[in-house]
Amino acid sequence: MSPSIRMAPAPSSSLATAGHGKTKSGRSSSSAVRPALLAIAVSVMVVLLMAVLFGARWTPSGGHGGGADTSWVSAGARVVLNAVSSQQGADPVVKVAQPHDRLLGGLLSPDFNDTSCLSRYRASLYRRRSLHVLSSHLVSALRRYESLHRLCGPGTSAYERAVARLRSPSSSNTTSDAPSECRYLVWTPHAGLGNRMLSITSAFLYALLTGRVLLFHRSGDDMKDLFCEPFPGATWVLPEKDFPIRGMERFGIRTRESLGNALGRGEGGRDPPPPWMYVHLRHDYTRPGASDRLFFCDDGQDALRRVGWVVLLSDNYFVPGLFLIPRYERELSRMFPRRDAVFHHLGRYLFHPSNTVWGMVMRYHGSYLAKAEERVGVQVRTFSWAPISTDELYGQIVSCAQGENILPRVRESSSGSDNATAIPGSGRQQQQRPARRKAVLVVSLHGEYYERIRDMYYEHGAAGGDAVSVFQPTHLGGQRSEERMHNQKALAEMMLLSFSDVALTSAASTFGYVSHGLAGLRPWVLMVPVRKKAPNPPCRLAATVEPCFHTPPHYDCQARTKGDNGKTVRHVRHCEDLKDGVQLVD
């Protein structure tokens, strides 16, 4: 990718300073500078003229949906900008989006019909203003990707030719007019919605880094009518009809075409390269004897670079792993000068709830949350590998929420007195704040925690006079990610949580990662129980907004042995909520 454009400092000041001096012949040095300036001006004019004349040829036609190509002027401008930027090593410009900026500082494209996706330009109006800086280089990379997706996406002639080559790879070697500019990354869903959104984000960043077109493989109806199309003028949904690679949702660590198995057979540099390759980054990819972790090494990247189609199956947020690959280090540092906002930016770019889901969000927000002066999101998730009783977890939630002044303590009795009870075991007094309306949104598969928090304030009242209302949209009892309605409700709850002013989430929950990541908030994290008991302290303020990569490779590519990826580079550290995982920090 070419670097983004940053205007070089104007030369007038340095030239003026030089012009005040005299040459040995006694004449002003400004006269000596004029020929050089004239030559530069003529050169720029020639380049501009050539860009305008030949821009239409330079920009590929045949975008999504057909029609004439009207981008020849911008194509000419891109020729000049790329020529200038290739000679400049300046860092990209960073900025914070202004309040009520519907494009989020340039993160979103303006080339969408507002009514086709109501959430795209409106969701940010319900969230706290993001103070995370946005790089101009990331903005430029997104606009370039959108152009690539329009050129190579489904429905274009370039896509049809690429599929034909995939179907008959032997004929591609003899077809002289078959272009080779379109390469693809096919993402396949796995696990729950939170895992899916995190792995899609990771796949998209990998597509940005490698010049591939990301395609969304929907193996069933469970992901339909969930998200709007993220790229203007094109679809990211893989057409399933007649696509030659079948059964992708059943691929696994033993699939013959996997990267790990190909490298294990010594076929990474095979000539000619295979038409496609499978990348297995599920939670089991690091098992002994498997070579899939070499995806994060030069060997794996060299093998994938030669392949036109890559199929990916992952339930991980593997973005931190991309920061461990040296060849992508400079590009990533320019896209994300602050490493702790990768998901915050890419998540807000990619994930816009469909109008169906947005309707759920708006109806619930308008009915229960809109009038609150402060919104507190409480997301509760339990795992079989970290057992804890309902009573113990409820106590942990209350101890954290009241101990950290997230929720007010309750009155000593129901008599109406404002005398507050002490925080158990802390010896601390809660700071007094002006009374306000506070809405607590509890999101959990179960209803017990919502009911207990609601009853606590209903029966005793909040100290200090705060009006505390407690709500829970659903309590489905279990995760059913194969059902469309279940996923729509889950996405609606993620969006509602992302409107919070303060977030309290469960450790290691991908649902929570998505919610506070979209909000751009560092959450208070309920730490993992210790021997079925709540730990002390019960929660911690997260060090970063970034999600945790639960299953990093923990592999030293140079030594070809086990390693600790939490100590490889300074901006990738071990997660606080899952010690084996790693996450990006700034």
Is it the case that [X] and [Y] place a side-chain donor and acceptor less than 3.5 Å from each other?
| X | Y | value |
| --- | --- | --- |
| Thr356 | Gln488 | no |
| Tyr317 | Glu546 | yes |
| Glu331 | His137 | yes |
| Asp284 | His280 | yes |
| Gln379 | Ser509 | yes |
| Thr235 | Glu229 | yes |
| Ser314 | Asn316 | no |
| Gln301 | Tyr328 | yes |
| Thr210 | Arg305 | no |

Using atom types as modelled and distance alone, determine if a side-chain donor or acceptor of [X] lies under 3.5 Å from a backbone N or O of [Y].
| X | Y | answer |
| --- | --- | --- |
| Gln479 | Leu193 | no |
| Thr255 | Ser258 | no |
| Arg330 | Arg327 | no |
| Arg334 | Glu329 | no |
| Asn355 | Leu118 | yes |
| Asn487 | Ser481 | yes |

If the condition is ring pair (Phe, Tyr, Trp, His ring centres under 6.0 Å), which residues does His217 pass it with, not counting sequence neighbours?
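Counting only residues at least two positions away or on another chain, His217 forms no ring pair (Phe, Tyr, Trp, His ring centres under 6.0 Å).
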Taking atom [atom1] of [X] and atom [atom2] of [Y], what is their separation to the nearest 0.5 Å?
| X | Y | atom1 | atom2 | value |
| --- | --- | --- | --- | --- |
| Leu304 | Asp299 | CG | CG | 11.0 Å |
| Met335 | Ser135 | CE | OG | 8.5 Å |
| Thr505 | Phe511 | OG1 | CZ | 11.5 Å |
| Asp298 | Ile325 | CG | CD1 | 8.0 Å |
| Leu148 | Tyr145 | CG | OH | 6.5 Å |
| Arg338 | His345 | CZ | NE2 | 9.5 Å |

For Tyr513, enumerate each residue passing the side chain to side chain donor-acceptor pair (under 3.5 Å) test, keeping only those at least two apart in sequence or located in another chain.
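Expected list: His550, Asp577.
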Return the set of residues passing side chain to side chain donor-acceptor pair (under 3.5 Å) with Ser116 (not counting sequence neighbours), or none when no residue passes.
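Testing Ser116 for side chain to side chain donor-acceptor pair (under 3.5 Å), a comparison that skips the adjacent residues, returns none.
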Classify the ring geometry of [X] against [Y]: parallel below 30°, tilted from 30° to 60°, perpendicular beyond 60°.
| X | Y | value |
| --- | --- | --- |
| Phe216 | Trp187 | tilted |
| Phe295 | Phe318 | perpendicular |
| Phe296 | Tyr285 | tilted |
| Phe231 | His149 | tilted |

Identify whether the distance between the nearest side-chain nitrogen and carboxylate oxygen of Lys567 and Asp556 falls below 4.0 Å.
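Looking at Lys567 and Asp556, the cut-off is not met.
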Should Asp315 and Arg196 count as an ion pair when the cut-off is N to O under 4.0 Å?
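Here Asp315 does not pair with Arg196 in a salt bridge, since their nearest N and O are not under 4.0 Å apart.
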Tyr184 ring centre to Arg212 NZ or CZ under 6.0 Å, with the angle to the axis within 45°?
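Cation-pi check for Arg212 and Tyr184: fails.
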Kindly confirm or rule out a cation-pi arrangement of Arg339 over Phe323, judged by NZ or CZ under 6.0 Å from the six-membered ring centre and within 45° of its axis?
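No, Arg339 does not sit over the ring of Phe323.
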Indicate yes or no: at least one non-hydrogen side-chain atom of Met277 is less than 4.5 angstrom from one of Glu257.
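Met277 does not reach Glu257 side chain to side chain.
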How about His365 and Phe499: do any of their side-chain heavy atoms sit closer than 4.5 Å?
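They are in side-chain contact.
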How close do [X] and [Y] get, heavy atom to heavy atom, and via which atoms?
| X | Y | value |
| --- | --- | --- |
| Val139 | Gly105 | CG2-O, 4.3 Å |
| Val572 | Pro320 | CG2-O, 4.1 Å |
| Glu249 | Thr188 | CA-CG2, 3.7 Å |
| Cys228 | Ser119 | SG-OG, 4.5 Å |

Tell me, please, which residues at least two apart from Thr286 pass side-chain contact (heavy atoms from CB on, under 4.5 Å).
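Listed in chain order: Arg293, Thr551.
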Criterion side chain to side chain contact (heavy atoms under 4.5 Å, CB included) against Met197, the qualifying member of Leu491, Thr510, Leu350:
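Among the candidates, only Leu491 passes.
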With Arg143, which residues qualify under salt bridge (charged side-chain N to carboxylate O under 4.0 Å, His left out), at least two apart?
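For Arg143, the residues satisfying salt bridge (charged side-chain N to carboxylate O under 4.0 Å, His left out) (neighbours in sequence not counted) are Glu146.
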Residue list, salt bridge (charged side-chain N to carboxylate O under 4.0 Å, His left out) with Glu483, at least two apart or on another chain:
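For Glu483, the residues satisfying salt bridge (charged side-chain N to carboxylate O under 4.0 Å, His left out) (neighbours in sequence not counted) are Arg480.
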